[in-house]
K.L.:
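Would you mind keeping the following structure in view while I ask a few things?
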2 protein chains.
Amino acid sequence: MTVTEPSRLRSRPTMDDVAAVAGVSRGTVSRVLNGGHNVSRQALAAVERAISKTGYVVNQHARSLVTQRSGSVAFILSEPQDRLFEDPNFNNLLRGCTQVLAGHDITLLLTVAATGEDRQRIGRWVTAGHVDGALLVSNHQGSPLIAELKERGLPFVVCGRPLGQERDVTYVASDDRDGARQMTEYLRSTGRRRIAIITGPLDTPGGVDRLAGYRDIAGHGDPELIATGDYTRASGEAAMARLLTQAPDLDAVFVCSDLMAAGAITTLQRAGRRVPEDVAVGGFDDNNIATTTKPMLTTIRQPWARQSAEMVRLLLAHIDGAEHSAVILPTDLVVRDSA
Amino acid sequence: MTVTEPSRLRSRPTMDDVAAVAGVSRGTVSRVLNGGHNVSRQALAAVERAISKTGYVVNQHARSLVTQRSGSVAFILSEPQDRLFEDPNFNNLLRGCTQVLAGHDITLLLTVAATGEDRQRIGRWVTAGHVDGALLVSNHQGSPLIAELKERGLPFVVCGRPLGQERDVTYVASDDRDGARQMTEYLRSTGRRRIAIITGPLDTPGGVDRLAGYRDIAGHGDPELIATGDYTRASGEAAMARLLTQAPDLDAVFVCSDLMAAGAITTLQRAGRRVPEDVAVGGFDDNNIATTTKPMLTTIRQPWARQSAEMVRLLLAHIDGAEHSAVILPTDLVVRDSA
DNA sequence: CTGAAAGCGCTTACAG
DNA sequence: CTGAAAGCGCTTACAG
């Protein structure tokens, strides 16, 4: 075994190397790197030549140490990893955020905090200066991550209304309650009278707000018309099965996510109920699952692209010292075949 | 607008603050942070108290600047983002790598390089010292990312045989060719005589090596028995449709990924062919799709957990200065219902 | 427009 | 076991 150092240590050129090759001072090299202001044409050309000759790449740690900025932002999903892959909503958000951030030359780092231990490690990591801010998708009431980020003073924005912390957390949400109202009202308008609901987890905004919207229209009676899922497809199947037992005479069901709705349709069809003839099914999200079910889903559209764009905008503002704020985006009814 | 600084700048305590509170020198605080060797019980206790009192968290940039280590590793997927979510293989690998790395207290950063522009930004980012090394999943021949990482001297390991660069790139692969042989041989052994194949892209190791294994058994004749997909479900559907036109008398098809196999089954059933009675279908991967198709897939098992573990092990060794190496893992036939 | 110098927050030999 | 000091590679007022 030869006594070589790891190659990256051996060879990496520094700013002084570039300066030497270009025949200028380190300060001038730095100015070129940071926009080229106050640099003569000649110096600029010399430095650029020297950079490509030496293969110089800035040392981000050194730069960040002085600027106090890292140039990256974290996308933190605190859910079991499988959900990231099962639920297209995360994909939609991730795509949107990455794009918008790329325009600012900021890298998005995706991190999955599945276990409590993960959350701790990530809390430390995020807080050690690796990122300038964080995007929190998936938000459960009482999440320790929010508390930690707040305590550390790291800028972050959460996706969806942060239950009980609306006043001091920046967030962007779509209008869950109004969307739920629209759907329930629509189901009524088509003549349905026994409208059930499959809600999301009741410690999430999508869980409580969509249920509230449903109740605004359908009232509070009949607890047997209510079942709760956890946003997975399997939970949609199971909740639908329970509803069928509790209220066999239901003629419509509002399912609070498209993925769960796909599961509910499977259960209904397996039980011999026709959709929408026997039971109308309404979803929520309007992601790409909505057009792959048979029949295609009538659902509530969340404005995914705007949601991502607003999250990024607020985060960058927050990083620059802006105060807390919130954005609520409107939702729309999209009528297809399932209701 | 008030003239406040961003909150994180305002409040973050430094090592000197901790030292002052604990009544020791900065060096002692550092020793406590780095394992607590050569520190008296009393100093240790005082420092620990001071740390929790001040809420101190190490500044990773400062630390990295001197240690030349960042404590994170990148998981780079250079594919359109949708593939990350559609194909369970990535999920399997990601889960495995995250777990193993967490054991080393290293954070895994997931990055998706969908476009050429993305690849450039990520190349720069990765190379600026943000990570100590990279895990490259999805590997296409002639990928510019491999070239860039090599030039920069950043340690990395690729998943799958790096076509044409086996000698100077560290990689871990499963034995694609042998797996393909096993499957083809098995199909023969059940009496099938017109065995078609749906390959992966021919610029990937899974594309060429599995085709080679198939040919080892089935020979080179009949080009109409060969169709190529791109590992997506849709491409499996389309390729199967082509095969059905080109060779309507086929009685078996070896599909080089489970996801494509799921697509192929859909096409076959839609065309009125029974699986496996009329056409036997063999997959490759043995991921969780294999048990959700109807009938469930007979397939080749890739050892996902070992694959992740080996990738991480090699990467860490490489970071510590080890030479290039390669690991080839065995694959096994798993017989279920589709063949 | 340009250079010299201070300083960002750490780690790590080196003395003691 | 402990402290003082050098140095990691940058940026940014400050003079000129």
Side-chain angles (χ1 to χ4, degrees), chain A residues 5-6 8-48 50-51 54-71 124-125 127-130 132 152, chain B residues 5-6 8-48 50-51 54-71 124 127-130 132:
Chain A
E5 318 229 347
R8 41 198 296 267
L9 301 185
R10 198 190 314 152
S11 61
R12 201 157 161 196
T14 142
M15 242 168 87
D16 284 313
D17 299 327
V18 176
V21 171
V24 300
S25 77
R26 203 200 314 160
T28 299
V29 176
S30 179
R31 278 176 218 113
V32 171
L33 256 32
N34 293 287
H37 304 303
N38 294 350
V39 178
S40 66
R41 298 174 129 286
Q42 305 169 25
L44 194 138
V47 169
E48 278 171 347
I51 286 177
T54 54
Y56 173 77
V57 178
V58 69
N59 179 321
Q60 186 60 43
H61 298 300
R63 171 180 281 174
S64 294
L65 185 55
V66 12
T67 60
Q68 308 281 24
R69 286 286 171 88
S70 74
R124 249 182 296 133
W125 181 83
T127 237
H130 278 112
D132 300 326
R152 296 298 181 186
Chain B
E5 318 230 346
R8 41 199 296 266
L9 300 185
R10 197 189 314 152
S11 61
R12 202 157 160 196
T14 143
M15 242 169 86
D16 284 313
D17 299 327
V18 176
V21 171
V24 300
S25 78
R26 203 202 312 161
T28 299
V29 175
S30 179
R31 278 175 217 114
V32 171
L33 255 33
N34 293 287
H37 305 302
N38 295 348
V39 179
S40 67
R41 302 173 126 285
Q42 304 169 25
L44 194 138
V47 169
E48 279 172 346
I51 286 176
T54 53
Y56 173 77
V57 177
V58 69
N59 178 321
Q60 186 61 42
H61 297 301
R63 172 180 281 174
S64 293
L65 185 55
V66 12
T67 60
Q68 307 281 26
R69 286 287 170 86
S70 74
R124 250 182 293 135
T127 236
H130 279 113
D132 300 326

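Predicted, not measured: the structure shown is a model, and the values here were computed from it. Letters go in sequence order (proteins before strands), and every chain restarts at 1.
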K.L.:
Please determine, for dA13(D), whether a Watson-Crick or G-U wobble partner exists with both distances under 3.5 Å, and give it or none.
P.N.:
none
K.L.:
OP1 or OP2 of dC8(C) versus the side-chain N and O atoms of Ser64(A): is any pair under 4.0 Å?
P.N.:
no
K.L.:
For dC1(C), take OP1 and OP2 only and decide whether either is under 4.0 Å from a side-chain N or O of Asn38(A).
P.N.:
yes
K.L.:
Checking side-chain contact (heavy atoms from CB on, under 4.5 Å) against Tyr56(B), which of Val47(B), Asp17(B), Leu33(B) comes through?
P.N.:
Leu33(B)
K.L.:
Within the pair Thr14(A) and dC8(D), is there a side-chain N or O less than 4.0 Å away from OP1 or OP2?
P.N.:
no
K.L.:
Tell me: CD of Gln60(A) to C1' of dC10(C), nearest whole Å?
P.N.:
17 Å
K.L.:
Short question: side chain of Arg124(A), backbone of Val57(B) - any donor-acceptor pair under 3.5 Å?
P.N.:
no
K.L.:
Both Arg26(A) and His37(A) contact DNA chain C. Taking the nearest nucleotide for each, which residue is further toward the 5' end?
P.N.:
His37(A)
K.L.:
Is the distance from OP1 or OP2 of dT11(D) to the nearest side-chain N or O of Asn34(A) less than 4.0 Å?
P.N.:
yes
K.L.:
Taking only N and O in the side chain of Gln68(A), is any of them less than 4.0 Å away from OP1 or OP2 of dG9(C)?
P.N.:
yes
K.L.:
Under the 3.5 angstrom rule, does the side chain of Ser64(A) hit a backbone N or O of His61(A) as a donor-acceptor pair?
P.N.:
no
K.L.:
Is there a Watson-Crick or G-U wobble partner for dA4(C) with both distances under 3.5 Å, and if so, which one is it?
P.N.:
none
K.L.:
Does a side-chain N or O from Ser40(B) land closer than 4.0 Å to OP1 or OP2 of dT2(D), or not?
P.N.:
yes
K.L.:
For Val66(B) and for Leu44(B), find the nucleotide of DNA chain D with the closest heavy atom, then tell me which residue's nucleotide is more 5'.
P.N.:
Leu44(B)
K.L.:
Establish, with yes or no, whether the OP1 or OP2 oxygen of dC1(D) is under 4.0 angstrom from a side-chain nitrogen or oxygen of Gln42(B).
P.N.:
no
K.L.:
With no angle test and no hydrogens, is the base of dG3(D) tied to the side chain of Arg31(B) by a donor-acceptor pair under 3.5 Å?
P.N.:
yes
